[in-house]
Structure formats: structure tokens, C-alpha cells
Student: 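Quick one: the structure is below, questions incoming.
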Amino acid sequence: MGLDGKVVVVTGGTRGVGAGVTRAFAEAGAQVVICARRPPEVPLAGVEFRPLDLRDPAAARDFFAALPRLDVLVNNAGGTPYRRLTDADAERHARVIELNLVAPLTASLAAYEHLERSRGSVVMIGSVSGGRPSPGSAAYGAAKAGLENLARSMAVEWAPRVRVNTLVVGMVRTELSHLHYGGEEGIASVSRTVPLGRLAEPSDIGAAAVFLASDAAAYISGASLHVHGGGERPAFLDAATVNKEA
């Protein structure tokens, strides 16, 4: 699934999942440009960084207009702290939706003319939070649900020249995992709830993104690929008092 010579933009590609996606595309032979508000703490070899706040539509348009070409856009920038709905006002929750839903739309529209010319593709980095209740990150879950729906609509409107797909990502082990799951004991405990027995590594998400952007996925558009290790074991299985495995 070589991407030699392809130009790829990864938003928020400086750390965590974004850095894993960036490395995967670079290893596949692509020319990768990452954008974020701050540069990576550890520079990624062969990768170009350009500062950009995607919440500024004019800056986003200028950023993409300055590119000589673009073949793949990975909308990865996003995230949220743990915050219950009643612990913040609506304006703060709206900023989470802006970052995780409006910013990918802004980037995609700014990149469209490039992608249309190159018959390129968009990969949205979604989340399992968009398909289940997400207490403590409700605005984030709502945004990710919207992102997946947006991708399906884009895939129809922009066909046949631009493909659009979503990676529905489960729990990933990154430098910020302790904020969501606790220390090593918490991560180990959470890992046991995943059928494959571990959290994803950023490289797992990167490999899936490269697949969706490659010619191997040439007939895949409007799809949602779940990268979640089998999902979550249903709670009732452990709560029930019958049919226990030995």
C-alpha cells in the first residue's frame, strides 16, 4: 500500500494518535505535512510542520491554498478533557464541538479543490464515543457522532472524485492515557475490558488510515471502519449469575 509521492496533511499530527498516523504515512512513502497550534516536542523525521489553528476558517483556507497539491487529508485534530455536562456552561461545551466537528468541516472544505483535482481522499478520525453514551465527554461524543454522519454525506456529495471515510477509534494508549484511565494499574484494568486484551497503539490507527487512503481501498467510500479491538465486553455478561465461563 505504498503512497510514494502522495502529499498528505494530518491535522493535529504532533502527538498521540496524530503522531502515529503521521509516522505510518511517512513510512508508506508519502510526503507528510502536519499542522497544529504548537510544534511537536519531538520532531518527526522527514515531516514538515506548519502552525495552524483550524478554528480560524480564513487561516485554514490560506494554509491549504499555499500547498502545491494534496492527495489525502486526515482530520485528526480534536479531543476533550473529562467534564460532566453540569460542570461547565454551554459555551465551553460548544468549543469542544467546534474543535471536533466544525474544524474538520472547515479543513475539508478548504482542501476540497486540491482533493478534487487529485482524486484524493479524506480520512476522519472518529471515535466509539460517537456511537454510545459518553458520560464525562458528552459534547465530544455528540461531535464524533456528527463527524461520522458528515463523512457519509460528504462521500455522496463529493463522489466520484473524492473518497471520504471514518476510522471509528476505540481506546488508544498515548502520553495522555493516564488522564482518562489512571496509571499503569488503571490502564491494565481498562485493557481487560477489551476483547483483544489491550488498548490500541497509535501505530494501529496509522495503519488503518494508510489503508483507507490507499488504492487498496479504492472502492471504499462513506464507510466507518471500527478500530477498537473488538469493542467492549457487554456488562451484563459479568453481572449475570449464570452461564459463566470456567
Side-chain angles (χ1 to χ4, degrees), residues 1-79 95 97-126 143 147 150-151 153-155 157-167 202 205-206 209-215 217 221:
M1 290 187 289
L3 293 169
D4 292 344
K6 300 290 187 181
V7 177
V8 179
V9 165
V10 181
T11 68
T14 59
R15 66 181 183 179
V17 169
V21 170
T22 296
R23 291 189 189 95
F25 276 100
E27 290 169 359
Q31 177 185 338
V32 185
V33 179
I34 57 175
C35 59
R37 286 179 293 169
R38 291 178 292 275
E41 293 181 5
V42 179
L44 302 171
V47 173
E48 180 182 356
F49 168 77
R50 297 187 187 181
L52 175 65
D53 186 345
L54 285 165
R55 294 170 298 182
D56 182 342
R61 287 190 289 269
D62 290 343
F63 168 84
F64 285 101
L67 296 175
R69 66 170 288 151
L70 179 65
D71 299 281
V72 180
L73 169 64
V74 181
N75 279 311
N76 166 79
R95 287 198 289 271
I97 295 172
E98 180 185 22
L99 175 62
N100 290 280
L101 176 57
V102 179
L105 172 59
T106 298
S108 298
L109 289 172
Y112 172 73
E113 290 186 4
H114 276 310
L115 296 170
E116 196 271 341
R117 282 194 296 269
S118 65
R119 300 189 73 93
S121 73
V122 178
V123 179
M124 303 290 198
I125 303 298
L147 185 69
L150 172 65
S153 296
M154 287 170 61
E157 287 198 18
W158 293 1
R161 298 188 67 84
V162 181
R163 295 186 301 108
V164 186
N165 293 291
T166 303
L167 286 180
I205 313 306
V210 168
F211 163 69
L212 284 180
S214 74
D215 289 342
S221 192

Student: If we only count heavy atoms from C-beta on, is the Phe63 to Cys35 side-chain gap below 4.5 Å?
Tutor: yes
Student: Within the 4.5 Å heavy-atom criterion, are Met124 and Leu150 side-chain neighbours or not?
Tutor: yes
Student: Can a donor-acceptor pair be found, under 3.5 Å and without considering hydrogens, that links the side chain of Thr11 to the backbone of Ala77?
Tutor: yes
Student: Between Ala60 and Thr106, which heavy-atom pair has the shortest distance, and what is it?
Tutor: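 What the structure gives for the nearest pair is CB-CG2, 3.8 Å.
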Student: Donor-acceptor pair, distance only, cut-off 3.5 Å: does the side chain of His114 make one with the backbone of Asp71?
Tutor: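 Judged by distance alone, no pair lies under 3.5 Å.
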Student: Where do Val21 and Ala209 come nearest, in terms of heavy atoms and distance?
Tutor: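 Scanning both residues completely, I find the closest heavy atoms to be CG1-CB, 4.2 Å.
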Student: Below 4.5 Å, heavy atoms only, C-beta onward: do Pro202 and Arg15 meet side chain to side chain?
Tutor: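 Not touching, per the 4.5 Å side-chain cut-off.
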Student: Roughly how far apart are Leu54 CG and Leu99 CG, rounded to 0.5 Å?
Tutor: 8.5 Å
Student: Name the residue from Arg161, Arg163, Arg69 that meets the salt bridge (charged side-chain N to carboxylate O under 4.0 Å, His left out) definition with Glu116.
Tutor: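 Filter result, single survivor: Arg161.
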Student: Given Thr22, which partner from the list Leu44, Asn76, Val74 fulfils the side chain to side chain contact (heavy atoms under 4.5 Å, CB included) test?
Tutor: Leu44
Student: Identify which one of Asn165, Thr166, Asn75 satisfies the side chain to side chain contact (heavy atoms under 4.5 Å, CB included) criterion when paired with Val122.
Tutor: Asn75
Student: Heavy atoms, side chains only, cut-off 4.5 Å: are Ser108 and Leu73 in contact?
Tutor: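 Heavy-atom side-chain distance check passes, below 4.5 Å.
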Student: Is the closest side-chain heavy-atom distance between Val32 and Val10 below 4.5 Å?
Tutor: yes
Student: Hey, is the main chain of Leu70 close enough, under 3.5 Å, to the side chain of Ser118 for a donor-acceptor pair?
Tutor: yes
Student: Side chains of Phe25 and Val7: closer than 4.5 Å at any heavy-atom pair?
Tutor: no
Student: Going from CG on Leu67 to CD on Glu113, what distance comes out if it is rounded to the nearest 0.5 angstrom?
Tutor: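 Leu67 CG to Glu113 CD: 12.5 Å, rounded to 0.5 Å.
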Student: Report yes or no: does Arg50 contribute a side-chain atom to a donor-acceptor pair with the main-chain N or O of Ala36 at less than 3.5 Å?
Tutor: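 Checking the backbone N and O of Ala36 against the side chain of Arg50, no donor-acceptor pair under 3.5 Å is found.
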Student: To the nearest 0.5 Å, what is the distance between CG (Leu52) and CZ (Arg37)?
Tutor: 10.5 Å
Student: For Gly78, does its backbone N or O pair with a side-chain atom of Asn100 as donor and acceptor, under 3.5 Å?
Tutor: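 Between the backbone of Gly78 and the side chain of Asn100 there is no qualifying donor-acceptor contact (under 3.5 Å).
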Student: Tell me the closest heavy-atom pair linking Ala30 and Val8, and the distance in Å.
Tutor: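 That would be CB-CG2, 3.7 Å.
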Student: Measure the shortest side-chain to side-chain distance between Val9 and Phe64 over non-hydrogen atoms and say whether it is less than 4.5 angstrom.
Tutor: yes
Student: Heavy atoms only: give me the nearest Leu147-Ile125 pair and the separation to one decimal.
Tutor: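 Looking at all heavy atoms of both residues, the closest pair is CD2-O, 3.7 Å.
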